[in-house]
Protein chains: 2
Amino acid sequence: MSTTPAPHLPEAVLRPVRGHHAFESCVEQLATAIRLGVYPRGTTLPAERELAERLQVSRATLREAMAALRQAGLVETTRGRGGGTVVTLKPGLPAARAAARTSTARRQSWLDSLDFRRIVEPGAAALAASRDLAPDRLAQLEEAHAEVASASKPAEHRQADSRFHLTVAALTDSPRTVEAVTSVQATLHEMLLAIPVLGTNIAHSDRQHARLVRAIVAGKPDLARRVMEEHCDDTAALLRGLVG
Amino acid sequence: MSTTPAPHLPEAVLRPVRGHHAFESCVEQLATAIRLGVYPRGTTLPAERELAERLQVSRATLREAMAALRQAGLVETTRGRGGGTVVTLKPGLPAARAAARTSTARRQSWLDSLDFRRIVEPGAAALAASRDLAPDRLAQLEEAHAEVASASKPAEHRQADSRFHLTVAALTDSPRTVEAVTSVQATLHEMLLAIPVLGTNIAHSDRQHARLVRAIVAGKPDLARRVMEEHCDDTAALLRGLVG
DNA sequence: AGGAAAAGGTATGAACTCAGACCAAAAACG
DNA sequence: CGTTTTTGGTCTGAGTTCATACCTTTTCCT
């Protein structure tokens, strides 16, 4: 009477429920935002009550997360009006390297991210280019690009690059797209910190960014997608060679 | 000393931590899998212990979710060896319609899903077409397509259609892609249940499915992507007109 | 018939999370 | 200079979730 469904779908569809330990999710999100440069060194995070509201957790839980960030040396906190929690992390080195040898599972997840990125970021670029963007939004894009091009130290360049990609995603006005790109950039950031940086790669990458900005500003979705695809392919080739 | 970051990124990047109430996430995932036809009527769900393992929750929590599904009339449970939990939901009507008028937030989320889908599903189709697929995987695809084409009642067709799209996603072997498509299909399913079905649309849709299958089997990523884009655009136009 | 195995059903104590109220410090404001 | 306001720090009781046992029912196999 009871049959079994074709096995390939259930296996693929059911995924672990994440978010036990709400405070871990908070730490992960905040640490990611800080490492990707959404909150650069020296900036102040939103007040605890506001952050708790945004992340939809109780302040108690958020504070645990903050304590963890503090202990990890990512932020420092001062009390009283005008106080708050300030980012102190220097962009380069820290954390993440701890798990020295990358496990097989980790590697699988990394490679998966490269595939997913190749879908999501070009799609986001095309969607952004198809939007009718107000001048101030285009200015955000140009500024993000200028920051990447002008970054001197590799670590700063890395953060500026993440910010640039997130800015492109934000131009889509699509929350789910932004979420996907954020997630992908977090993994990518992790991978890039694990390999040496090459000046040639950075220069090459910057040229692609410039082309991408032009395509988006000109409102050419197909071109924007192709440029971003090329960009993803180049990064992926580099990473697959060095971590795969 | 403490500056504030450019405002557009934090706003976009920080998203609510989901998964308070682990059992709600379980209910959502299982109900979605059942409604999308991953577990069609009459099939048996995996044993509680196995499901708990898969979803990474305790059995206690999973059982609460099962109780909810049981109470909602989606499943029935029998004890003892050979027993288990069987899907009893008839594909068509139930649930979801409760929230009659769609709130503005809901509508926003729906429109966002259409944008995100237009990125993810064509990307998944292209990736699937670029894989070197074993014959049995192609057979899964052909079978899923045959099920869509041969479904007589609209409700069954709807489930078969979801299964077809999930099968395409599964061919990518990319967990994150499958997750994205699953999520998108869940929202889409909800939307499609809220509008009347038209025979012409179904026939049109089936032709696009057929073209898609040919493109994937032939290993033509660009073609597969274009076909899927067209398919998404057509559905989106229909839905935007009827729910927007 | 009689066990072994597989499935759901039950129970318990520890840990986590929540909401809300309240305290303390420090800057801004009049 | 003192009051107000903003911000982090603290506490508490109720509700969830977890891990880990153990029990009951039913079927399959010898």
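No hydrogens, no waters, no symmetry mates; every other heavy atom, side chains included, goes into these values. A, B, ... follow the sequence lines: proteins, then strands. Residue 1 opens every chain.
At a threshold of 4.5 Å between non-hydrogen side-chain atoms, the residues B:T85 and B:E76 do not count as touching. Side chains of A:T177 and B:I119 form a contact here, defined as non-hydrogen atoms less than 4.5 Å apart. A 4.5 Å side-chain heavy-atom check between A:R41 and A:L74 finds every atom pair outside the cut-off.
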At a cut-off of 3.5 Å, list every protein nitrogen or oxygen paired with a nitrogen or oxygen from nucleotides 26-30 of chain D, distance to 0.1 Å.
residue	atom	partner	partner atom	Å
D:dT26	O2	B:R81	N	3.1
D:dT27	O4'	B:R81	O	3.2

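In terms of heavy-atom proximity, B:C26 sits nearest to B:A65 at CB-CB, 3.6 Å. For the residue pair B:V148 and B:H157, the shortest heavy atom distance occurs at O-CD2, 3.3 Å.
Side-chain N/O atoms of B:R59 include none lying less than 4.0 angstrom from OP1 or OP2 on C:dA11.
Not counting sequence neighbours, the partners of B:P46 by the side chain to side chain contact (heavy atoms under 4.5 Å, CB included) test are B:Y39, B:E50, B:L51, B:R54. When the salt bridge (Lys or Arg N to Asp or Glu O under 4.0 Å) test is applied to A:R163, the partners found at least two apart in sequence or on another chain are A:E147.
Atom CG in B:L62 sits about 13 Å away from atom C1' in C:dG9, given to the nearest Å. Rounded to an integer number of Å, the gap from NE2 of B:H21 to C1' of C:dC18 is 9 Å. The distance from atom CE of B:M66 to atom P of D:dT17 is 16 Å, rounded to the nearest whole Å. Across the protein-nucleic acid pair, B:E64 atom CD and C:dA11 atom C1' stand 14 Å apart, rounded to whole Å. Taking atom CZ on A:R63 and atom C1' on C:dC18, their separation rounds to 15 Å, with Å as the unit. Nucleotide C:dA7 holds its P atom 16 Å from the CZ atom of B:R70, rounded to whole Å.
Side-chain contact, B:H209 with B:D161: a donor N or O sits under 3.5 Å from an acceptor N or O. A donor-acceptor pair shorter than 3.5 Å cannot be found between the side chains of A:S174 and B:D115.
Sorted by first then second residue, the salt bridge (charged side-chain N to carboxylate O under 4.0 Å, His left out) pairs that include residues 62-73 of chain B, not counting sequence neighbours, are B:E48-B:R63.
Helix-axis bend for the helix from C:dA1-D:dT30 to C:dG30-D:dC1: the local axis fitted to the five terminal pairs at one end deviates from that at the other end by 20°, rounded to 10°.
With respect to B:E190, the salt bridge (Lys or Arg N to Asp or Glu O under 4.0 Å) criterion is satisfied by exactly one of B:R107, B:R35, B:R106: B:R106.
Residue B:T85 has its side chain nearest to C:dG8 when only C:dC18, C:dG8, D:dC18 are considered. In this structure, the nucleotide among D:dA19, C:dT17, D:dG9 sitting nearest to the side chain of A:T61 is C:dT17.
Contacts with DNA chain C (heavy atom under 4.0 Å) in residues 45-53 of chain B: B:A47, B:E48, B:R49, listed by number.
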